[in-house]
Amino acid sequence: MLLRFRVANALSLRDEQELSFVVPHDEDAAAARTVELSDGKSIEVYPLLGSRR
């Protein structure tokens, strides 16, 4: 499961950029889903659908 992706200095992305699907603690998102991690903790994440061609 991809929760965060960070990239820097690649192709046209010079500065560090991060794509995160984790809901911030101070934000209430109606579309968020709760996911339990392997260490027993749970976090809220935004759902994402993708397809491979």
Side-chain angles (χ1 to χ4, degrees):
M1 174 186 318
L2 179 66
L3 296 176
R4 290 187 173 113
F5 178 78
R6 188 179 306 169
V7 65
N9 200 23
L11 299 176
S12 63
L13 299 172
R14 182 182 61 171
D15 297 330
E16 184 177 284
Q17 302 290 317
E18 182 180 64
L19 176 64
S20 177
F21 300 105
V22 177
V23 177
H25 294 291
D26 59 345
E27 188 172 317
D28 183 29
R33 303 288 186 257
T34 302
V35 174
E36 188 171 331
L37 302 176
S38 61
D39 62 359
K41 296 179 182 178
S42 62
I43 59 171
E44 289 193 340
V45 297
Y46 294 111
L48 174 74
L49 296 175
S51 65
R52 206 172 97 188
R53 292 185 178 187

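Predicted, not measured: the structure shown is a model, and the values here were computed from it. Numbering of residues begins at 1 and proceeds along the displayed sequence.
Under the 4.5 Å side-chain heavy-atom criterion for grouping Ile, Leu, Val, Met, Phe, Trp and Tyr, F5 is not connected to Y46 through any hydrophobic cluster. A continuous path of hydrophobic side-chain contacts links V35 to V22 [ILVMFWY only; heavy atoms under 4.5 Å].
Rounding to the nearest 0.5 angstrom, the gap separating the CG atom in L19 from the CG atom in L3 is 11.0 Å. Atom CZ of R33 and atom CD1 of I43 lie 14.5 Å apart (nearest 0.5 Å). Separation of atoms CD (E44) and CG (D28) is listed at 7.5 Å; rounding is to 0.5 Å. The CD atom of E36 sits 6.5 Å away from the OG atom of S42 when rounded to the nearest 0.5 Å.
For the pair E16 and R6, the minimum side-chain heavy-atom distance is below 4.5 Å.
With R14 contributing its side chain and S12 its backbone, the two residues share no donor-acceptor pair below 3.5 Å.
When all heavy atoms of A31 and P47 are compared, the closest pair comes out as O-CD, 3.2 Å.
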